[in-house]
2 protein chains.
Amino acid sequence: MTELDDTDTEILQLLMEDARRSYKEIGEEVGLSAPSVSNRVERLEELGVIRGFTLDLDRSVLATGDEVVLEIDARPGSGDEVAETLREFDFVEHVVRAIDPRIVAYGHMDDRELRHLFEEALDPDSLEDYAIRKVAESSWQPNVDGADLALECAECGKPVHEGGVTVEMDDRRYHMCCTSCESLFRERYEELKEAA
Amino acid sequence: MTELDDTDTEILQLLMEDARRSYKEIGEEVGLSAPSVSNRVERLEELGVIRGFTLDLDRSVLATGDEVVLEIDARPGSGDEVAETLREFDFVEHVVRAIDPRIVAYGHMDDRELRHLFEEALDPDSLEDYAIRKVAESSWQPNVDGADLALECAECGKPVHEGGVTVEMDDRRYHMCCTSCESLFRERYEELKEAA
DNA sequence: CCTGAAAGCTCTACAGC
DNA sequence: GCTGTAGAGCTTTCAGG
């Protein structure tokens with residue numbers, strides 16, 4: 001029930017190509033009626049697989065400063081704070097936090113915005129080191145690779161099949177493959193929460 | 001004509017939030033009729049500002065390996081080749097090429113895929129250095145910052161106002177602020193093409 | 001560059017299997 | 001979980017300003 005089948009994958013692929021495509025058209029493509037497609041899309045949204053429908057914008061055509069990658073090493077313990085600060089700015093489009101001190105961010109910003117970011121917004125004491133690199137070219141390939149498109153158990157990592165459990169905690173959905181993983185996950189979750 | 005006004009920005013913002021929103025609803029929001037919104041969206045597509053309508057997928061919920069950032073320093077002259085190779089793989093979702101030797105890539109890949117990438121696909125001679133980092137957390141904030149949302153002249157960089165020129169070359173659209181920038185751009189383009 | 005009306009499609013219940 | 005149907009609602013074209 002929690003598992004995605006080939007039809008779900010096809011639907012995701014068709015919607016990635018054009019999110020405004022009609023459910024009727026998608027239905028014809030995958031061999032289902034429009035209402036069935038609609039139901040499946042709704043389910044995919046509830047599962048949290050589809051976070052939303054959005055635009056693929058060509059930002060290079062829009063004049064909002066240069067395309068830039070930031071590579072930042074935060075001081076131990078400051079990673080969250082740095083990532084948080086970066087996310088506050090509209091011109092920062094991606095923030096990727098690696099497990100080390102490293103944070104990689106990407107966005108369109110001009111010199112003024114960069115100066116503001118590093119000289120005022122970010123606490124110098126929370127940065128170990130950083131590099132600002134202008135981007136020559138960037139590409140994004142949205143892709144849904146059919147083969148391994150199944151949900152992953154939040155506790156043990158195995159794929160979730162029939163009989164899986166879905167739990168909603170603090171507005172986020174988690175999927176588990178069985179009830180024992182569910183209770184382990186709940187425990188772990190509570191501990192994490194108390195620690196924070 | 002080539003310029004974007006505040007209403008265009010609002011429309012872009014609303015569509016970024018939900019690309020399946022109806023044109024009627026958007027029209028009510030921005031104070032236009034549905035047909036006008038439809039026309040503007042069409043124009044934004046023709047201008048190349050909207051590349052398409054797509055999904056925001058939560059890939060972390062899909063079992064396709066770990067979320068990974070790759071930081072690669074290509075040897076001088078090999079940047080294009082390395083970026084090309086990275087893009088060939090479905091599991092590589094973003095490729096950002098900085099002006100230096102540095103290439104940053106992001107995607108979901110397991111150990112097997114990583115090994116294949118670095119041991120077989122990429123020529124070791126074209127790499128100076130690289131780091132593979134697992135991602136703890138990542139976020140993406142699609143954003144359209146109203147203030148400077150105007151098209152930028154492909155030749156001189158100034159905003160394109162009324163009287164701008166749009167040129168289509170090899171399936172890509174370029175915007176210029178005036179006819180002199182247009183001829184300069186055409187020259188430059190031909191040279192670049194011959195060089196390649 | 002806009003609107004309003006009208007025709008044609010699309011979506012979404014809902015009943016039934 | 002799927003289909004067909006039917007009413008509501010949306011998109012799009014077109015005439016007109």
A/I26 CD1 to C/dT12 C1': how many Å, rounded?
15 Å
Presence of B/R40 side-chain N/O under 4.0 Å of C/dC1 phosphate oxygens OP1/OP2
no
Nearest whole angstrom, please: distance from the P of D/dC10 to the CD of B/E29.
14 Å
Could you state the atom-to-atom distance from CD1 of A/I11 to C1' of C/dC11 in whole Å?
15 Å
side-chain contact (heavy atoms from CB on, under 4.5 Å) against B/S138, all qualifying residues, sequence neighbours excluded:
A/V96, B/E67, B/Y106, B/V135
Of all the base pairs, Watson-Crick or G-U under 3.5 Å, which form stems of three or more consecutive pairs involving DNA chain D?
C:1-17 with D:1-17
Which residues pass the salt bridge (Lys or Arg N to Asp or Glu O under 4.0 Å) test with A/E42, sequence neighbours left out?
none
Do you know which two heavy atoms are closest between B/M16 and A/T54, and how far apart they sit?
O-OG1, 2.9 Å
Does A/E137 have any salt bridge (Lys or Arg N to Asp or Glu O under 4.0 Å) partners at least two apart in sequence or in another chain, and if so, which?
B/R87, B/R97
Which residues pass the side-chain contact (heavy atoms from CB on, under 4.5 Å) test with B/E128, not counting sequence neighbours?
B/D73, B/R75, B/P76
For the pair B/R186 and B/E182, find out whether any cationic side-chain nitrogen is under 4.0 Å from an anionic carboxylate oxygen.
yes
Using atom CG of A/L15 as one end and atom P of C/dC11 as the other, report the distance to the nearest whole Å.
11 Å
Start with the C-alpha gap between A/D8 and A/V49, add the side-chain angles, then the distance that decides, and say whether side chain to side chain contact (heavy atoms under 4.5 Å, CB included) holds.
CA-CA 11 Å; A/D8 289 318; A/V49 174; over 6 Å; no
Under 3.5 Å, N/O pairs linking protein and nucleotides 11-17 of chain D:
unit_1 : atom_1 : unit_2 : atom_2 : d
D/dT11 : OP1    : A/R20  : NH2    : 3.0
D/dT11 : OP1    : B/Y23  : N      : 3.2
D/dT11 : OP2    : B/Y23  : N      : 2.8
D/dT11 : OP2    : B/K24  : N      : 3.2
D/dT12 : OP2    : B/S38  : OG     : 3.2

With A/H116 as reference, evaluate A/R112, A/E120, A/E113, A/E119 under the side chain to side chain donor-acceptor pair (under 3.5 Å) test and give the passing residue.
A/E120
